[in-house]
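Single-structure report; data block below.
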Amino acid sequence: MTNWVRAHTNIALIKYWGKANDDLILPKNNSLSLTLDAFYTDTKVTFDQCLETDLLYLNGQQQNLAALDKVKKVLDAVRDKAGIQTRARVDSINYVPTAAGLASSASGLAALAGAASQAAGLDMPFEELSKLARIGSGSASRSIYGGFAEWLKGVDHDTSYAVPVDKADWDIGMLFIIVNDAKKEVSSRDGMKRTVDTSPFYEGWLQSLDGDLSAMKQALKDQDLKRVGQIAERNALKMHATTLGAQPPFTYWTAESMTAMEAVRSLRRQGYTAYFTMDAGPNVKIICRQSQLAELKDLLSEQFAESQLIEARPGPGIRTLDPSEALQEKGD
Ligand code: FM0
């Protein structure tokens, strides 16, 4: 019996940027994120004796071998645990607003971990699912949980996984400003490796993380949005600063990213609680009050197209879809 499994994407407030172990994907530092309702992936895995290789279909399109790389790592770990050799067909559907250009590896690999373990008949607790998702993509370890989650860096496979921190059932939201990028991008995987290997600023980044993390946890406990925003924005700026010191240097920022960051500062000058964060791409995400999402979107629509602005609220953890629910949505 195989079911569709749904996982939502997450955005880090304290970033994961650099690996201590490339193969196991053990990070250099703990990170902390908010899972969001707006973007998610549904995945179904079918182990099939007739298959000679693993197959991946993304939004109905069969993917090439390169795209299978991360997926295979998760499938192999599941086969290992279940003691099977059978190849699998993976069907995955990304629900990301059209043209958003957002990476979906966090929700994708988390949904895969859930769907693959279930299809293999393994009943894995969340902690185990988080480790499994981590092998595919580090940030996916956090998408197992709803609300705020912290990925504990650990020292080996068994000690590196995410834990829930807070349900985020208070007045916090995120507004995405989607920036279209014509430039060729550096993947987060390549970007963080180059930074760790070559940037003299990387040590400084690492040293500042414990302070940021404990301050962030206190701010979450206090439900102090202003502090959460301040710490997250500073943390993101530091992460992006490390890339400028890499060899060769690079940045994920474009002129439009800077325009968006300036727009957030302008919102602050008008009295709104609004701070930004950015990941391995040019898009800007505003941390704000959920109750002010519509108002902020309205204000920003003077400067950005409606299609560039996407509202997001705290989202739920991983879950198996009811067969009728899945049938209804997929129409098959
Ligand atoms: O999410 O090489 O998970 O903490 O998004 O697959 O382990 O794609 F801004 C960068 C995400 C990194 C920060 O890295 O890398 C964060 C980032 P992988 P991911």
Side-chain angles (χ1 to χ4, degrees), residues 7-36 39 41 66-74 94 101-113 130-145 148-154 157 160-162 165 174 176 179 181 185-197 199 202 205-206 209 212-213 216 231-244 246 250-253 257 276-285 287 312:
H8 288 71
T9 198
N10 71 76
I11 297 296
L13 302 178
I14 303 293
K15 306 292 184 191
Y16 147 51
W17 192 242
K19 296 178 179 69
N21 181 315
D22 289 351
D23 185 42
L24 290 173
I25 309 200
L26 304 179
K28 289 271 200 184
N29 63 278
N30 288 21
S31 53
L32 193 152
S33 62
L34 176 60
T35 295
L36 298 171
F39 317 106
T41 303
L68 252 170
D69 216 36
K70 296 177 186 180
V71 168
K72 257 185 88 52
K73 273 186 82 179
V74 173
N94 274 330
L102 293 169
S104 50
S105 74
S107 56
L109 275 300
L112 175 68
S130 176
K131 294 175 197 172
L132 196 54
R134 189 204 77 229
I135 300 176
S137 185
S139 54
S141 65
R142 302 180 307 235
S143 270
I144 300 299
Y145 303 96
F148 297 104
E150 180 181 1
W151 174 14
L152 310 171
K153 64 179 176 178
H157 175 68
S160 187
Y161 54 87
V165 169
M174 272 193 200
F176 283 60
V179 169
D181 182 26
E185 70 172 72
V186 184
S187 71
S188 49
R189 191 158 290 191
D190 295 346
M192 68 175 80
K193 184 160 178 52
R194 193 191 300 173
T195 305
V196 172
D197 291 346
S199 177
Y202 190 73
W205 151 258
L206 269 190
L209 279 165
D212 283 5
L213 190 65
M216 178 61 81
I231 300 161
E233 185 174 298
R234 198 179 59 191
N235 185 266
L237 287 171
K238 280 188 289 193
M239 179 198 114
H240 285 272
T242 65
T243 71
L244 294 178
F250 66 104
T251 182
Y252 292 109
W253 297 7
S257 310
F276 60 80
T277 187
M278 286 179 68
D279 295 287
N283 299 318
V284 171
K285 295 114 188 180
I287 299 152

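Counting convention: from 1, in listed order, for ligands and their atoms alike.
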> Angle class for the Trp151/Tyr16 ring planes (parallel below 30°, perpendicular above 60°, tilted otherwise)?
Replying inline: perpendicular
Is there a donor-acceptor pair under 3.5 Å between the side chain of [X] and the backbone N or O of [Y]?
X: Arg142; Y: Thr35; result: no
X: Ser143; Y: Ala7; result: no
X: Asn30; Y: Leu209; result: no

> What residues come within 4.0 Å of ligand 1, counting heavy atoms only?
Replying inline: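 Within 4.0 Å of ligand 1, protein side: Ala12, Lys15, Tyr16, Trp17, Lys19, Ile25, Ser105, Ser137, Gly138, Ser139, Arg142, Ser188, Arg189, Met192, Met239, Asp279, Ala280.
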>> Under a 4.0 Å threshold between the charged nitrogen and the carboxylate oxygen, would Lys193 count as salt-bridged to Asp197?
In response: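 Salt bridge: yes.
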> Is Lys15 salt-bridged to Asp279, cutoff N-O under 4.0 Å?
Replying inline: yes
